[in-house]
Every structure is written in structure tokens, then in C-alpha cells.
Amino acid sequence: MSVAPDPATEPAPVQPPPAATPPGGRGALARREARLAWQLLLPTVLAVSLVVIVPLLAIFWISFKPVGLADLRPPAPVVRERLRGDAAEGDLRIEYRLRNSSRDEPIRGVTLSDTLPDGIAVSGEITGPCTVEGNAISCDFGDLEGGARAEAEIPVTLTGDAEALEAAAEGSEPVVTGEARNILTNGEFTLANFARIFDGSEFWGVIGVTIFYTFFGTVGALVVGLFAAMLLDRSFRGQGILRGLFLFPYVAPVIAVAFTWVTLFDPFSGSANALLLQMGVTQEAINFFGQKPLALIMVTLFEVWRYFPLSFLFILARMQSIDTDMYEAADMDGASPFQKFWYLSVPQLLGILSVLFLLRFIWTFNKFDDIFLLTGGNAGTRVLTVNVYEQAFAVSNIGAGAAVAVVIFACLVLFSVFFFRVMSREEGL
Amino acid sequence: MRWMRHGMVAGPVLGVLWCLTVAVTVAVAMSFVTGSGFRPGLIGVLVAGAAIGWPALRVSRPVRVGIGVIVVAALSLAGFGPVLPGPGVAMASLAVAVLATGGALGAGVAVIMAGCPPGAMTRHQFEAAVIRFLVGFGYVFFTAIVVIPFFVMVMTSLKSQQALLQNPLDFSVDLSRGTDLFRSYVELFRDFRFGSYLWTSFYVSVLTVLITLAFSVPGAYAVARLRFRGRAAFSRSILLIYMVPMIVLALPIYIAFSMTGLRNTLFGIVIVYPVTTIPVALYMLQGYFRGLPGEVEEAGLMDGLSRLAVIWKITLPLSLPALASVSLYVFMIAWNEFLLAFMLLDDPSKFTLTRGVAMLNSSEIPRQHLMAGAVIATVPIMALFLGLERFMTRGLTAGSVKG
């Protein structure tokens, strides 16, 4: 994917034109214009690279790393400080307890430093690796293995208001340092994620489902959209109302319509099943979103239902811009309605249809929400995008999820190369 | 194929097809409205459709409607009606079904077969009749597939739990319940903080629109009007960025936000949403800016305005309709956005509306609450859409590379 050129790497050229030749190249005005252009674009470039380009690079990085969901928090020493014992009995002591937050990652060179408030003095043998110099406590715990604990005790005496001093002793936050391997930033790489996702029949199943869903979802939406556009490509009363109505599925929030479909086709309390039983089409309730081949067909139908408005808008716009002279000429020549459609309208619409097909193909391929909300990727409907989520969050393997995302991205680059070929032919982009 | 074009074949065939369309429609509609069972009867459809479509029947439209009603009524009395009642159907609703079927059948066939001779038809006449049937079928089909889900959504939200389980077909509104009809809505606003979700969604969407415009207007102007190296590559890469799937970005954004503590904050959401919409806004706006006459801007430049002043005083006022379209489109994207809200927000006090509705999808919360939530999420965007449909449609066609 070609990325927006960064302003830093492509400055306005500053070389002055050679003195002997007539003024060529770009003059001061052109340079100023280019500079202004980059100034205007800079915020967008920055924002987009921060939220799109950097994550894309990150996903490549992560896909080669053995990262699980739990690794998002790097291991760190957790410390608890308490003042224990009784001043009257003279066994008052400050106690530090450390714990490695990670179960299996060691933390190296763990140190702790804290200050003793005025009025508290060390009064005996210190247990643990701590030394006190003046007010400063410093402890060196060395290495803390995964899940290990360590503690230190400093016996103290109080002079002055005991309550306030106790609060002060516990109030001073100890500073702990320690180095742990952060799996996200270190130099350890692995191909295990890719091996894992390509391994096994599951992956090819996912690819097959993705292709089915994408292809039939796209073609279905185009064909239904074409039909709808032909219906509305005539003027009659209520045309505006119908056009608005036909756009409803696309404009409504996906979450609302997806849950409505789930409710409508529920095997126990869904109206669709009740209706089919009533009409005698089926003898027992059908589990529309829970059976293996049917669920995939249903999510594809949902995709067609939800996105036909889009194709119909585009096709209608193109239809209305077709010159009517041509149809009049065809009428004179005695062409029948079907012939006019097949030999005049279809060739005129072929351009917009192919552009729409490619765009919708890419976007259906990218679609996540619809299937996730309808079936959660169960019952044989897991497409690649849902697989990213499944791997990363359900199996808690962020690395494998990222690897799937990289596969998606590779497919996408392939599609866009193709898309721009066709697009430049069709629209001169 | 020639035999198909004979009136004796085409008339009855189209009549039967139309009769089937009408019968299924009436059966489904009557089932939903009354809650009792209606189903299309195959024998009735064949007989009534063929009879009304019979080419020798050359009568005026009102007469054909009358004959349609009589035929359907007679068949229904004989027990072979095109629409068959299930057990326990009231006489009145059956009468309505018979009237509707017969009337629609007669009127439809009259329109479809208008101007067709009883004998051999020309290719034109035949195809025109087929097209008229397809148009009628299309209107019924599309209206049904669009209206039924939304109808189910609204009606389910008004029902009580037992009524839903008792008869999933019954969508009649029990007016005797009075304000109790809206119980699900009251409970959502009272117990599930939907008021605050509504407000959160609203201001997040508005902020997204504002930030998107602030970034994309200057950018679009630069791409459309100013000459600089890499302009073509730039406008192409905008489209490319637009094609990167959200789920691919959502994963690293989730990781980064988890590590920086931006997860679970609305601030994080407001940072991310505009960036997903800036490319499309920029793409839409630059197309519009290109279409504006450059001479007006040049006149402004000649009169001593700076470029920025030209943008502010000339270009923007001229492109108000485009700005409205883009704003509406961006608002719609932000309002409907689900994936990022779902992944990044865990704290119920910070949910957007879509995230709140997703929370309702659990086995402990009754269905009508979920549907009421869906209605609450749908109504504002629909109201906006219907009120400003002109701008919205333009925005959709200009920018909806995305889905």
C-alpha cells in the first residue's frame, strides 16, 4: 500500500534554476503554493499516520511475536507497605511485601527506595536486603522469579504524635524499579503465529467461507440493487417515499437490524418460524442462524439485504444520466423492452457495475460487525475478520490474531491493485 | 418461445404468478396484524389466477376487480380459497382477507394485461406485460423485505414477555394496556441509563463531525486546488486508507489504548472516530471543491485576499450543501459505529448507544428490551435521514465507497 508521502521526505524543491537557461522549473509562487498545500495537509497526514499507518506497522510487528492477551501488561513488581506492631510493646516495624505480577516472567534487579518521615527512627536489626542512611531506605532484592514474593522488615520507634506518624509512614509511596522482559518490545520473533493459523483444516475452511460470503454477498447486493433501481427509474407518485424507504436497511445502525434479524429468525420465539409452521412449509422450527450451511446463507442474505440500497443508489444515479435519445432511436428501430435493456442499458451500466462490484467486494471482505452480531462466527460462518477477533480475544492469542490480520491485509493489497487498474480505466482516476 | 406469447398462455400464467404474490402478501400481513394463522392455498391460487387472467375476460378495470372478489369469495366458501384461514380465525378478518386478495388480484391483472389481445401477442406486448408484472412484484417484494424487519422491531418492543412467547406471530397492539405499552422504554431509560447513552452517542458523533471537518476541509482544498508534487498519489492513497478494514486497525489500537490507559475513556473514542472518517470526508469534499468555479476564487485572490481568507470567505459558503452532506454522512458513521465502541468501552457509565444495545443482548434481559434499545438507536438517525434525505442521499452516493 502506498502511503501518503510524508512532508519531511518530500520538501518543496529549493534549488534555484540554473542561471544560463531561461526560467524553468518552479518559481517562488509555485513553491509557496506547494508549501501551503503541505501545511493544510499536515494535520490530516499526521492524524492518519498515527491511527492508521502506525497500527498497520504494529500489526506486522505483533504478528511475529508470541503475545497473549495477558502480556499486554508487562510484568512489574507490586509492593505493599504497612506499619505493623504496637508502639507500647516496642515491636513496631515497617514491612514491605513485594510480589512479581507475572506468574512466569522473572524481573531483574528489583530495588526499592523510600523515605522515613521525621520522627521515625530505626531501632534494631533490619531483616531483608535493606539499608537505611539518614532518612533514606534502599533495598536491593536482586531478581524476582515469576510469581515469587519477597519481604523486608525495618523495626522503628516513633517520637511524637503516633497517629500522624503512622499515617505519614504508610503515606510515603515506596519507589520500586526492576527490569522485565517486555514481550512487545524485545527482539524475540517467531513464526509460530503464522504456522498456527495456516496449520490445520480450520484455516482453509475460514477462507472458503470468506470467499462464499464475499462473492455471493456482493453479487446478490448488485443484482437486487439493479432490480430496485429499475423499479425506481420511472416517475410516479410516491417515488421519493419509496426511495427513502429502500434506503432504510443501510441507514439504520447495524446493531439494531442485526438483532432484529436474530429475533425474527429465532428458533423458539421467532415470527419467521411461526409463519413457516403456519403455512405448512416446514414441520418443525428451523434454527436459521445455528445450522451449518443455512447460517452462512442467512448471513449472506443479510449482507444482500443491508447493502442493496447502496448499489441501487449508484445504479439509479447512472441510469438517470443515460441519454434518452438512444432509447428513442431504439424504439424507432423496433427494439423490444427486453432488447433495450440488454443491448442498451446493460452496456451503459457495465462501468458502474464493475466499479461497484470491486468496491463492494473489498468492503464485504472487510466486514466484521454483521457476522459477529448475527452468529458470532459460529455454525460455519467464521470469516477472516471474525477470525481475527476469535484468535485475539476468545483464544487470547494476540499474536495469532495479528497474523490473521496480516493475511487480510495482504489480500486487500492484491484487491486494491486490481481495483485501481479497473478504476483508472472506468473513471480516469 | 412463441407459444408463450399467446394470450391463452401468458394471461393465465401471469395471473397465477400475480395471484401467488398477492396471496402470500395478504397471508403474511393478516397473520401479523391479527395474530391468527393465514396461509396461501395452492389450488385457490391456481384457479383464481388463471380465471382472472383468462384472456377472453375483456372487461373494464372495476368490473375485473369485482369479478376477482367474487371468484376469491366463491373459492373461499368452497374451502379452496387462495388465502386459507387457520383454526380460530374470526369471520371479519377472513372477509377482509378475501376482499383484499380479490381486489388486488383483479386490479393487478387488469394493469398487467392492459392492451393485450386475447390471441397471439407481439413481442412488445408480451414483454411489456411481463415487465408490468415484475414491477408490481418488485414493489411488493422490496416493501415487504424492508418493512417487515422494522415492523417486527417496533412491535416486539411494545409487547410483554409472555405475549411474545405465547404467540410469536401476534403483532397486534393491545391498546388497553395504555402507557404500559412503553414499559420497556421506561425501564431502559430508568434502569439502564439509556438517557445518558443517548447523550454520549450524540456528543461523540457531533464532536466527530466537527473534528473531521476541521481536518478534511483544508486537506480537501489543498488536494483539489493547490499544485504540489505527489498530488495524484495523495488523492489515491486517501482511497486506499479508506479500504483498510477496521478490525485490522482495532487490534493495535486496543493494545495501544490498553497500555496508555486510553481504553475505556470517551476521549480515546473521540480521538479514533474522526480518523476513520477523515479520509472519506476528504475524498468527498475534494470532489466537490473541484467542481466549484475557480474564477471566483481567483477574483478573491486578485482583490488581495490570502488563500486562507479565500477558503473561509468564498469556498466554504459556496460549498455549504456539500458540507451538510458530508456532516450527515460522518454523523451517521459515528452514530452507527459498533466495533470500536464494543472493543474499547467496558464501563457501563461511558457506553455509547450502540455499545449499550450490545449490552442488552444477554439471556437475562428480555427480548423486548433489546428491541426497544434497537428502536432508540434507530429513531434519531432515521429522523435525521428522513428530514434531510436530499443531503443524505447525495452524501451516500458521493462517499459510500464504505459500507
Side-chain angles (χ1 to χ4, degrees), chain A residues 1-5 10 33-34 36-37 40-41 43-44 47-48 51-52 55 58-59 72 227-228 231 244-246 248-249 251-256 259-260 263-264 269-271 274-275 278-279 307 310 313-314 317 336-338 359 362-363 366 368-369 385 388 392 401-402 405 408-409 416, chain B residues 31 37 39 86 123-124 127-128 131 135 138 142 146 149 152-153 156 164-165 168-169 215 218-219 222 226-230 234 237 240-241 243-245 247-249 251-253 255 258 272 275 278 307 336 338-339 354 357-358 361 367 370 374 377-378 381 385-386 389 396-397 400-401 403:
Chain A
M1 174 170 142
S2 83
V3 159
E10 195 170 325
E33 195 169 308
L36 177 69
L40 292 178
L41 282 172
T44 302
V48 168
V51 183
V52 177
I59 208 102
L72 292 188
F227 187 23
L231 284 184
L245 187 73
F246 286 8
F248 269 30
V251 176
V254 57
I255 188 154
F259 284 147
T260 306
T263 308
L264 187 60
S269 61
S271 321
L275 207 59
Q278 191 77 250
M279 293 184 174
Y307 293 102
L310 214 66
L313 262 188
F314 276 91
S336 76
F338 281 6
L359 275 175
I362 293 176
W363 270 104
N366 287 349
F368 169 81
D369 312 16
T385 44
V388 174
I408 293 180
F409 190 68
S416 1
Chain B
S31 299
R39 60 195 169 84
R123 190 168 175 172
H124 273 83
E127 286 180 7
I131 286 176
V135 166
F142 280 106
V146 172
V152 167
M153 179 159 92
T156 309
L164 269 181
L165 286 175
L169 260 187
F215 277 78
L226 303 177
R227 272 157 308 193
F228 60 96
R229 269 196 207 172
F234 194 92
S237 49
L240 265 179
I241 282 177
M243 288 177 192
V244 177
I247 182 80
V248 170
L249 300 180
L251 191 58
I253 289 175
I255 295 172
S258 298
V272 176
V275 182
I278 285 173
R307 272 285 181 188
N336 291 352
F338 161 73
L339 171 61
T354 48
V357 176
N361 182 32
R367 276 280 125 154
L370 178 65
T378 310
I381 196 73
F385 165 69
L386 289 177
E389 198 204 322
L396 285 173
T397 24
S400 44
V401 220

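Below, chain A is the first sequence line, B the second, and so on; all start at residue 1.
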I'd like to know which of [options] tops the heavy-atom pair count under 4.5 Å against chain B.
{"options": "A:F246, A:F227, A:F338", "result": "A:F338"}
{"options": "A:P249, A:A405, A:S271", "result": "A:S271"}
{"options": "A:A402, A:P55, A:A392, A:G401", "result": "A:P55"}
{"options": "A:L231, A:T385, A:L264, A:V48", "result": "A:L231"}

Identify which part of [X] has an atom lying under 4.5 Å from any heavy atom of chain B, answering side chain, backbone, both or neither.
{"X": "A:F259", "answer": "both"}
{"X": "A:A58", "answer": "side chain"}
{"X": "A:V51", "answer": "both"}

Between [X] and [Y], what is the shortest heavy-atom contact and its length?
{"X": "B:L249", "Y": "A:V52", "result": "CD2-O, 3.8 Å"}
{"X": "A:S336", "Y": "B:H124", "result": "CA-NE2, 3.6 Å"}
{"X": "B:V248", "Y": "A:I408", "result": "CG2-CG2, 4.1 Å"}
{"X": "A:A47", "Y": "B:F215", "result": "CB-CE2, 3.9 Å"}

**Request:** Let me know if B:S31 has heavy atoms under 4.5 Å from chain A in its side chain, its backbone, both or neither.
**Result:**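 For B:S31, the side chain is the part near chain A, not the backbone.
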**Message:** Counting only non-hydrogen atoms closer than 4.5 Å, does B:S258 touch chain A with its backbone (N, CA, C, O), its side chain (CB onward), both, or neither?
**Reply:** side chain
Are [X] and [Y] packed together at the side-chain level, in the sense that at least one heavy-atom pair is separated by less than 4.5 angstrom?
{"X": "B:R39", "Y": "A:L275", "value": "no"}
{"X": "A:L41", "Y": "B:P218", "value": "no"}
{"X": "B:F228", "Y": "A:L36", "value": "no"}
{"X": "B:N336", "Y": "A:V254", "value": "no"}

**Asked** Are the side chain of A:N366 and the backbone of B:V244 linked by a donor-acceptor contact shorter than 3.5 Å?
**Response**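 Such a contact is absent between A:N366 side chain and B:V244 backbone.
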So which of [options] has the largest heavy-atom pair count under 4.5 angstrom toward chain A?
{"options": "B:V152, B:N361, B:I278", "value": "B:N361"}
{"options": "B:L339, B:I253, B:L386", "value": "B:L339"}
{"options": "B:G138, B:P245, B:G219, B:P252", "value": "B:P245"}

**Prompt:** Using the ring of each side chain (for Trp, its six-membered ring), is A:F248 parallel, tilted or perpendicular to B:F385, with breaks at 30° and 60°?
**Reply:**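 Taking B:F385 first and then A:F248, their aromatic rings stand perpendicular (interplane angle over 60°).
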Could you grab the distance from atom [atom1] of [X] to atom [atom2] of [Y], nearest 0.5 Å is fine?
{"X": "A:T263", "Y": "B:L370", "atom1": "OG1", "atom2": "CG", "answer": "5.5 Å"}
{"X": "B:F338", "Y": "A:I255", "atom1": "CZ", "atom2": "CD1", "answer": "4.5 Å"}
{"X": "A:F368", "Y": "B:I247", "atom1": "CZ", "atom2": "CD1", "answer": "4.0 Å"}

**Request:** Return the set of residues passing side-chain contact (heavy atoms from CB on, under 4.5 Å) with B:A374 (not counting sequence neighbours), or none when no residue passes.
**Result:**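 So B:A374 forms a side-chain contact (heavy atoms from CB on, under 4.5 Å) with A:A256, B:M153.
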**Message:** Run the side-chain contact (heavy atoms from CB on, under 4.5 Å) test against A:E33 and tell me which residues pass, sequence neighbours left out.
**Reply:**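 Scan of A:E33 (side-chain contact (heavy atoms from CB on, under 4.5 Å), adjacent residues dropped) gives B:L226, B:R227, B:R307.
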